[in-house]
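Just below is one structure, and these are the notes that go with it.
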Amino acid sequence: MTIRLTEKVNEESTAILRVTFTDSDGNAVIPQSATWTLSDRDNEVVNGKSDVTISPLASTVDILLKGDDLKLPFPRERVRRVLVKAIYDSSTYGDDLPFNEEFEFTITDLRSLNAPA
């Protein structure tokens, strides 16, 4: 599985994470189920986004983060993590195989960019 950020992440703006599910041979697969969780560097869930169901399921899906998902209550806590968990079937290795992948990104603190010199 690969996770790619398709936009720059600015504080309280919008970010799109593109998730592509692939099997052990690199072939695209559609998982049976998939969820995602947004957390900070201390693994605290952000904005109540825990085990959010991905629907509809496809081999490539987008996770939309916006507003409070990207809010910086403390400027020093700019790191966010998105953990994606999925279950898929493989014709080679069997059924009900787990995918677990985490993506980490940093939010640009716009207040620090506009601070007086």
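What you are looking at is a predicted structure, and each value in this text was computed from that prediction instead of being measured.
For the pair W36/I54, a side-chain contact is recorded, criterion being any heavy-atom separation below 4.5 Å from C-beta on. A heavy-atom distance below 4.5 Å is found between the side chains of D109 and R78. A 4.5 Å side-chain heavy-atom check between L65 and I63 finds at least one atom pair inside the cut-off. Proximity of E11 to L110: side-chain heavy atoms (C-beta onward) are separated by under 4.5 Å at one or more points. Counting heavy atoms from C-beta on, the side chains of L64 and T14 come closer than 4.5 Å.
Rounding to the nearest 0.5 Å gives a distance of 6.0 Å between CZ of F105 and CG of L17. Here the OG1 atom belonging to T106 is positioned 10.0 Å from the CZ atom belonging to R80, to the nearest 0.5 angstrom. Taken to the nearest 0.5 Å, the CG atom of D23 stands 11.0 Å off from the CG atom of D89. Atoms CG and CG, from N10 and L70 in turn, are 9.0 Å apart once rounded to the nearest 0.5 Å. In this structure, the separation between CG on D69 and CG on L38 is 5.5 Å, given to the nearest 0.5 Å. Atom OG1 in T60 sits 9.5 Å away from atom CD1 in I30 (nearest 0.5 Å).
Ion pairing between a basic and an acidic side chain is recognised when a charged N comes within 4.0 Å of a carboxylate O; R81 and D40 show no such pairing.
Using a 3.5 Å distance cut-off with no hydrogens or angles, the side chains of Q32 and D95 do not pair a donor with an acceptor. Side-chain N/O atoms of D68 and N47 include no donor and acceptor closer than 3.5 Å.
Y93 and Y88 fall within a single hydrophobic cluster, where Ile, Leu, Val, Met, Phe, Trp and Tyr are joined by side-chain heavy atoms under 4.5 Å apart, directly or via other members. In the hydrophobic clustering of ILVMFWY residues, with side-chain heavy atoms under 4.5 Å counting as a link, V52 and V45 come out apart.
Ring geometry for F99 versus F21: interplanar angle of 30 to 60°, hence tilted.
The shortest heavy-atom contact between V19 and V84 is CG2-CG2, 4.2 Å. Shortest non-hydrogen contact noted between D96 and I87 is CA-CG2, 3.5 Å. Closest approach of P31 and A58 over heavy atoms only: CD-O, 3.7 Å.
Panel note: side chain T53, backbone T35; no donor-acceptor pair is recorded below 3.5 Å.
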